[in-house]
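These notes concern the structure reproduced below.
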Amino acid sequence: MTSYPTRMGDGHLVEMTTDELRRDFVAGAEDAADRAGVPALTQGEYERLLDLFTNPARVVGVESGNEVVLTHDIGTLRLDGDQGNSGVGIPMGRLQGVQVHERAFACDTMELGHVDYSWKPVKPIIAQEQQALEMVLLSTIIPIFYGAMPNLGLYYAPDGPFGNPSDLLPAGKIKEALEAQEHAVEHATRDMVYICSKLAEVGGDAVNFDTTGAAGDADFMATLNAIEQLKASHPELGIQVGMAGEFVLGIHGGFRYDGVRLAGLYPHQQVKLVEKAGADIFGPVVNTNTSKSMAWNLSRAVTFVKACVEAAEIPIHVNMGMGVGGSPVFETPPIDSVSRASVAMVEIARVDGL
Amino acid sequence: MARQAVALGLDPLRVINEGFTPGMRQVGDLFERGTMFLPEVIIASEAMVAAVAILEENLPAEQKEKQAGIAVLGTIEGDVHDIGKGIVATLMRVYGFKVHDLGRDVPLQRFVDEAKSSGAQLVGSSALMTTTMVGQKQLEKLLKEAGLREQVKTMVGGAVVTQYWADKIGADAYAENAQEAVAKALELVEG
Amino acid sequence: MGDPYGMPIAHGVAAGMGGIRTAGDLVARMQLAQKMRISEAKAFVADKLNIGVKELSDVTVMREIREDLDLGVITSVPGCAKGIEAKARIADLLGIRINSVERLKAKMGRA
C-alpha cells in the first residue's frame with residue numbers, strides 16, 4: 001500500500017499509509033471528544049484531513065476566500081530574541097521589529113512585548129513601555145497589541161512574596177498553598193489592571209494575556225478578574241486571551257468565575273468565561289504529544305478547537321505556535337506540517353484567526 | 001477504611017493491591033484528564049500513605065510492601081519551571097517511591113551528589129526551555145564521570161523534551177506526562 | 001514560538017489575509033472593535049470597500065484600493081499615508097474608533 005510522508009509530534013519524518021492515517025485521525029479526535037465531552041469529527045472531516053495528508057505539495061493553503069486574520073504573540077522576540085526563546089537573535093529595536101512584521105511579513109496585527117514577556121516585570125518600567133508603544137503606534141498601520149504572560153509563578157518564592165505551591169503542596173501544607181495562590185491572584189490582578197490601564201492611556205489598540213493558565217487555575221482567575229476590571233474602566237481597549245494548555249490545570253482547584261470552577265475547563269468551556277469577562281478575542285491551545293503522529297495530534301487539536309469555535313460568540317484565534325494546535329514540538333517547525341495545521345484549523349475547525 | 005479492612009480480617013496485601021492502588025491509579029488518570037486537581041491528589045496520596053502504613057503493620061514480615069525505589073528529581077539549573085516536575089514527584093511518592101525532590105534551578109552536580117548519597121536507582125530531570133534542556137545531556141556525562149551511570153536509570157521530561165532528545169543524549173526514558181512518568185519509572189526500577 | 005520562516009511566514013502563506021498588502025489589518029480591526037467573527041468582519045469590510053469578499057485577500061485589487069483611498073501600502077511610496085495618517089483614514093472608512101487616532105485628535109484639540 002502507498003505510504004505518505006508525514007511527521008511525528010516532535011517533527012521527525014515518518015511514512016504512513018492511508019489506513020494508518022485514518023486510524024490516527026479517528027483515535028486523535030476520539031481522545032479529544034472523550035476528554036472534553038465534545039463531538040468527534042465527521043466522516044467528511046476525516047476525509048478532508050486525508051486529502052491534506054496525502055497531498056504531495058510541500059506547502060498547502062486554504063482555498064481563496066477562506067483566509068483568516070493572523071495575530072501575533074511574543075512581541076518582537078521572534079526577531080530580536082537571543083535567549084533560547086526561538087528568536088533568531090538579530091540585534092534590532094522593538095520598533096523596527098514591529099515594522100518588519102507589518103511590512104516584510106505582511107502580518108494582519110502585531111504585538112509589542114517586553115523581553116521577559118511577563119506582566120509583573122513591566123510594572124516598574126511602565127513609563128518606558130508606554131513610550132515604546134507610543135512610538136510604534138505613530139509609525140504603524142496594523143492593530144498593535146501589547147502582550148505578556150500573567151505568569152503567577154513570579155508571585156511565588158523565590159521570585160515573589162508568597163510561598164510556592166510547588167513546595168507547599170508536596171509538604172502537605174494545603175491550606176498555605178491555597179492561600180498563597182489566592183494572594184497571588186489578588187496581586188497579579190492589580191498589577192495587570194494597572195499596567196494595561198497605562199497602556200490604554202497612551203492609545204494602545206489592545207492587550208494580549210498570553211499563555212494564561214500556565215501556573216494553573218490561579219493564573220486564569222487573575223486574568224478573568226483583570227479583564228472584567230479593564231473592560232469597566234477602559235471599554236475601548238481591545239483584549240485577547242491566549243491559553244497555555246488544553247485544560248486549566250487545577251493547582252488550587254477552588255477558583256470559580258461566574259459560579260464556574262476554573263480547574264479542568266476545556267477550550268469550549270474556557271471561552272464562555274472569557275466572553276463573560278468581556279474579552280474580544282480568545283486563543284485556545286491544544287498541546288502536541290511528541291510520541292504521537294501529526295495525524296493524531298492535528299485531528300485531536302481540530303476536534304477541541306472546532307467545539308470551541310461552535311460554542312463561541314467572539315472571534316477564535318487558535319494558538320498555532322511550536323508544540324500547539326497540531327504543530328510539532330520543534331523550534332524551527334517543518335513548513336509542511338505547519339501549513340497543513342493552518343488549513344485544517346481554518347477549513348475544518350472554522351477558526352476566525354490564527 | 002484501612003482499619004476497617006483489618007478489623008474485618010481482610011488480607012492487607014490484597015486490600016493494598018486491589019483496593020488502594022487501583023484507586024490511586026484512577027486519581028492519577030483523573031488528574032491527567034483535568035477532572036481532579038492537585039490539592040485533591042495530594043490529599044489522596046496522603047490518605048494512601050496513611051492507609052498503607054496501617055495495613056503494613058498487619059502484614060507478616062516477609063510480605064511487607066517493598067519500596068518501589070529511590071528517585072532523585074529536579075529541574076535543571078537556570079530553569080524555574082517546576083509545576084510538572086512537582087506533580088511527577090507527588091505521583092511517584094504515591095506509587096511507593098522515596099523521592100528526593102531537589103526543586104527548581106538545581107545545579108547539575110547536586111543531582112549527582114544526591115544520587116550518590118541517597119543510593120538512588122533513578123535520576124529524573126526536567127527542562128522547559130531549549131536553553132536548559134542541554135543540561136540534561138551534561139547531567140548524563142556527570143553521572144558517568146562519577147561512576148554512577150551503571151547504577152542509576154535516567155529519565156527526562158519537560159515541555160521541549162522529546163523521546164528523540166532522550167535517545168540522543170542516552171537517557172533511559174522520556175515521558176509525555178506525569179502518569180506516564182510513573183509508569184516508566186516503575187518499568188525502569190523493576191527492570 | 002518558532003522561527004519566523006517556520007511559523008508566521010508559513011501560516012501567513014497558508015492561511016493569512018496578507019496584512020497591509022491586502023485588507024488583513026482592516027478585517028482585524030473589525031474583529032477587535034466589534035468582536036466580529038471572520039465572515040461578518042470580512043463582509044463588513046468588503047461592503048465598505050465595495051468589493052467581493054474574495055477580493056479582500058487579492059493583492060492586485062487591494063493594492064489599488066489602498067492607494068486610491070490612501071490607507072497605507074506595504075511598499076515604500078512617497079506621499080502615501082504612513083502610520084497614524086493611514087490609521088486616521090481607516091477609522092473614518094470603517095466608522096470605528098482607533099485609540100491612537102483619538103489621542104492624536106485630542107492632542108490637536110479636536111477630540
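Below, read A as the first sequence line, B as the second, and so on, with proteins coming before strands; counting in each chain starts at 1. Heavy-atom basis, side chains included; hydrogens, waters and symmetry copies ignored.
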> Charged N to carboxylate O below 4.0 Å: is that the case for C:K48 and C:D92?
Replying inline: no
>> Check this for me, if you would: do A:R78 and A:E111 make a salt bridge, where the nitrogen-to-carboxylate-oxygen distance has to be below 4.0 angstrom?
In response: no
Heavy-atom distance under 4.5 Å to chain C: side chain of [X], backbone, both or neither?
{"X": "A:A312", "answer": "both"}
{"X": "A:L354", "answer": "side chain"}
{"X": "A:V68", "answer": "both"}
{"X": "A:E313", "answer": "backbone"}
{"X": "A:I281", "answer": "side chain"}
{"X": "A:V309", "answer": "both"}
{"X": "A:H317", "answer": "side chain"}
{"X": "A:F145", "answer": "side chain"}
{"X": "A:S327", "answer": "side chain"}
{"X": "A:L79", "answer": "side chain"}

> Of the options C:R103, C:E102, C:M108, which is the one that meets C:K105 in a side-chain contact (heavy atoms from CB on, under 4.5 Å)?
Replying inline: C:E102
>> If we check side-chain contact (heavy atoms from CB on, under 4.5 Å) with A:M345, which of these qualifies: A:M320, A:K306, A:R350?
In response: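 With A:M345 as partner, A:M320, A:K306, A:R350 yield a single side-chain contact (heavy atoms from CB on, under 4.5 Å), made by A:M320.
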Per-residue contact mode, [X] against chain A (heavy atom under 4.5 angstrom):
{"X": "C:R97", "result": "side chain"}
{"X": "C:R29", "result": "both"}
{"X": "C:L71", "result": "backbone"}
{"X": "C:L32", "result": "both"}

>> For residues 63-70 of chain C, give me every residue with a non-hydrogen atom less than 4.5 Å from any non-hydrogen atom of chain A.
In response: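 C:R66 fall under the 4.5 Å cut-off.
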> Would a distance-only check, ignoring hydrogens and angles, find a side-chain to backbone donor-acceptor pair under 3.5 Å from A:S339 to A:V60?
Replying inline: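 Confirmed, A:S339 side chain pairs with A:V60 backbone.
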>> I'd like to know if the side chain of A:D108 reaches the main chain of C:G19, judged simply by a donor and an acceptor atom lying under 3.5 Å from each other, with no hydrogens or angles considered.
In response: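 It does hold such a pair.
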> Taking side chain as C-beta onward, heavy atoms only, is A:C308 less than 4.5 Å from A:F282?
Replying inline: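 Yes, their side chains come closer than 4.5 Å.
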>> Between A:I348 and A:V305, is there a side-chain heavy-atom distance shorter than 4.5 Å?
In response: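 A side-chain contact is absent here, since even the closest heavy-atom pair is not under 4.5 Å.
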> Pick from A:G321, A:G203, A:P315, A:G61: which one has the most heavy-atom pairs with chain C under 4.5 Å?
Replying inline: A:P315
>> Between A:V346, A:I239, A:T71, A:V202, who has the most heavy-atom pairs with chain C when the cutoff is under 4.5 Å?
In response: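 Of the options given, most contacts go to A:V202.
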>> For A:R103, I'd like to know if atom CZ has over 12 heavy atoms of other residues, nucleotides or ligands within 6.0 Å.
In response: yes
>> Could you report the tightest heavy-atom contact between A:L237 and A:G204, atom names first, then the distance?
In response: CD1-O, 3.8 Å
Chain A interface, residue from [options] that has the most non-hydrogen pairs under 4.5 Å:
{"options": "C:R37, C:K54, C:M17", "value": "C:R37"}
{"options": "C:D3, C:V27, C:L56", "value": "C:D3"}
{"options": "C:S76, C:A10, C:A86, C:G18", "value": "C:G18"}

> Tell me, which pairs form a side-chain hydrogen bond (donor to acceptor under 3.5 Å, both in side chains) where one or both residues lie in residues 58-68 of chain A, sequence neighbours left out?
Replying inline: A:N66-A:E347, A:E67-C:S57
